[in-house]
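Okay, structure first, notes after.
Only heavy atoms go into these numbers, but all of them, side chains included; no hydrogens, no water, no symmetry mates.
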Amino acid sequence: MRRKPSKVDLVAGREATGRDAAGAGTGATAARLAARGVAVGYGGRMVIDDLDVAIPPGVITTIIGPNGCGKSTLLRTLSRLLRPAKGTVVLDGDDIVKLKTRDVAKKLGLLPQAPVAPDGLTVADLVARGRHPHQGWLRQWSSDDASVVERALAMTGVSDLAGRPVDALSGGQRQRVWISMTLAQGTDLLLLDEPTTYLDLAHAIDVLDLVDDLHESGRTVVMVLHDLNLATRYSDNLIVMRAGSILAQGHPRDVITAELLHEAFGLRAQVIDDPVGDRPLIVPIGRAHVRPGGPDPAASGENS
Amino acid sequence: MNGTDVQRSVAPGVRLGHVSFVWRPWPVLVTLLLAAATFLVFCLSIGVGDFPIALPRVIATILGRGERVDQFVIMDLRMPRALAGLIVGIALGASGAITQSIARNPLASPDVLGITQGAGAVAVFLLTVSGGTAAAIAGSAGVSAAALAGGLGTGLLVYFLAWRRGIDGFRLILIGIAVSAAMQAITNWLLVTADIKDVARSQAWLVGSLDGRSWDEVGVALGCTVVLIAVVAGVAFQFRPMHFGDEVAAGLGVRYSAVRAVMLLCAVLLAGVAVSAAGPVPFVALVAPQVAMRLVRCPTPPLVASGLVGASLLIGSDLVARTALPVTLPVGVVTAAIGGPFLVYLLVRANLRRVA
């Protein structure tokens, strides 16, 4: 329904994987990125202990869970920002800790939570920095770099903003620009830590539609989201965490149930069919303004 | 339409054999002009004195085609002072650009982080506590070495105190201010308790001055600065993504802890070399990178331009200190007087432009 920017593939010679790969669910097909028995913590305190997870290729995987459950810690471990105290993270068959930082950056793009650019830096300059892993002291800019950056700008719909300073943009535009920089890295694995933080719902949808476009062009996306309904709508594979371990993993249709939401979040909710999407919709119950007598039949009837 | 827009905004690349870089005319032009200005001030500073020498003759002599008298006055008498100014200015400017980039905060200059004060405290300790005997034995080279060691020690102290699962710029500055105040207190205490003759010598050193430099002292400072600048130039490429913070830099394949440690060590040593050569000249390291940023129109402190602005500012201030007033002032008094208002002017001009 929304406009789709051109689906130019930034990584040469790779076929787009269909979104049916979602059926693979828990990553039975060869996962390029996996954690095996990892324990991670800050100081002496372990946030994650003995966790196994495989990221299925070609789909959007979203990590959800209550605050402090270790979702960002898991994402940061998968991206090599944190070094596990025990266990290994495997990227394309290699222990990620043993790979060179630069080689990891050529395979895996990472967007941390709420990054900040220096005041006055232009959009084009920020996105161009995404080429850093492919450059060297002598080779600081090649014609490849220019065309990749142009495509990354076009794909995220920020070409028109190229000459503007990043700090002058709206939150949604800024997040598109950062995603554009990550794209310019030319990796087909993207790790996004809460890409919709600080965005209003319209901009959040806009950014997630962009993420969906990226996945449709064949990329594997792993992200952390707070909003459960957005996570359900936009992911093919959900990882539900609680207290540092994985409670459930799989397609939103299989995973999202009232029981699970209660177990993971302590949230009382009804799970109904989404009137506009083909995924479940979570309706939190709470205490205020609840109508006696269950859900509105008009809302749940549509897809069943 | 999009295409042309992008073509204009993504800077064009230049390739020379295996070397390729982004072509940005404005920064290159400004940097060349700054280099020319620095050379001009440098020659002017050499020409001015009790025995004035015209600018063309100074340049000819530097290029090795001068007369014998000029040769003696310029190369033997005046060159060490001018060269010391050049080195100290470049070192302070580059050092400030690095620390401001690491902290991602314009306040983070070596004077604010306590490096300068630490160097001063140790130098004053050598000049006073030993009753002057140790200083007399060690000579001015000893005081310089003490200052360098003091700067390095304080820099490392601030770095380790500020370390908490990484370096946060704001925390670095707060701890720097605290350590710098402590070092200042030590210096003051030493000055109050010391013998009056030692105090006078310490005071003269503490204001920062280029007086009475010899080729020996300048040679050591020059060697150190060249080596440090070479290391900085080598690491500079990996340093660029660090303006976006540690995590983005890591995502772009930079080993940020190592890069930051090397760059910070270079910055501390550059500041230490500068202080040991000329005393704690204030304000240059704070103001030079900020002036350079605004001249080059670059969102982050540019290393080369910062060094050149620092050198122009320092030599220019020394020139003013020697000529403009009836009393000869130490250079440190003038750097703050010139640098401060110029930075304020640039900030106000930027504000006015934004409002308009």
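For residues 255-274 of chain B, a heavy-atom distance under 4.5 Å to chain A picks out B:Arg255, given by residue number.
In this structure, the side chain of A:Trp137 engages the main chain of B:Ala233 through a donor-acceptor pair within 3.5 Å.
Two residues are said to be in side-chain contact when any heavy atoms from C-beta on lie closer than 4.5 Å; A:Gln113 and B:Glu247 fail this criterion. At a threshold of 4.5 Å between non-hydrogen side-chain atoms, the residues B:Val248 and A:Met181 count as touching.
Contact annotation for A:Arg76: only side-chain heavy atoms (C-beta onward) come within less than 4.5 Å of a heavy atom of chain B. A:Leu108 touches chain B through its backbone: at least one of N, CA, C or O sits under 4.5 Å from a heavy atom, while the side chain does not.
Rounding to the nearest 0.5 Å gives a distance of 9.5 Å between CG of A:Leu121 and NE2 of B:His243. Between A:Asp125 atom CG and B:Thr300 atom OG1 the span is 9.5 Å, to the nearest 0.5 Å. One finds the CZ atom of B:Arg240 at 6.0 Å from the CD atom of A:Gln135 (value rounded to the nearest 0.5 Å). Atom-to-atom distance recorded for A:Gln185:CD and B:Leu252:CG is 5.0 Å, nearest 0.5 angstrom.
The number of heavy atoms from other shown groups lying within 6.0 Å of NZ (A:Lys106) is above 12.
When the side chain to side chain contact (heavy atoms under 4.5 Å, CB included) test is applied to B:Val112, the partners found at least two apart in sequence or on another chain are B:Ser109, B:Ile173, B:Ile177.
Using cut-offs of 30° and 60° on the angle between ring planes, the pair A:Trp178 and B:Phe244 is perpendicular.
Here B:Pro241 is the residue among B:Gly245, B:Ala250, B:Pro241, B:Ala236 with the most heavy-atom pairs under 4.5 Å with chain A.
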B:Arg104 and A:Val116: CA distance, side-chain angles, deciding distance, side chain to side chain contact (heavy atoms under 4.5 Å, CB included) verdict: CA-CA 10 Å; B:Arg104 301 174 79 189; A:Val116 181; 3.9 Å; yes
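Counting all heavy atoms, side chain and backbone alike, B:Pro299 lies closest to A:Pro118 at O-CB, 4.0 Å.
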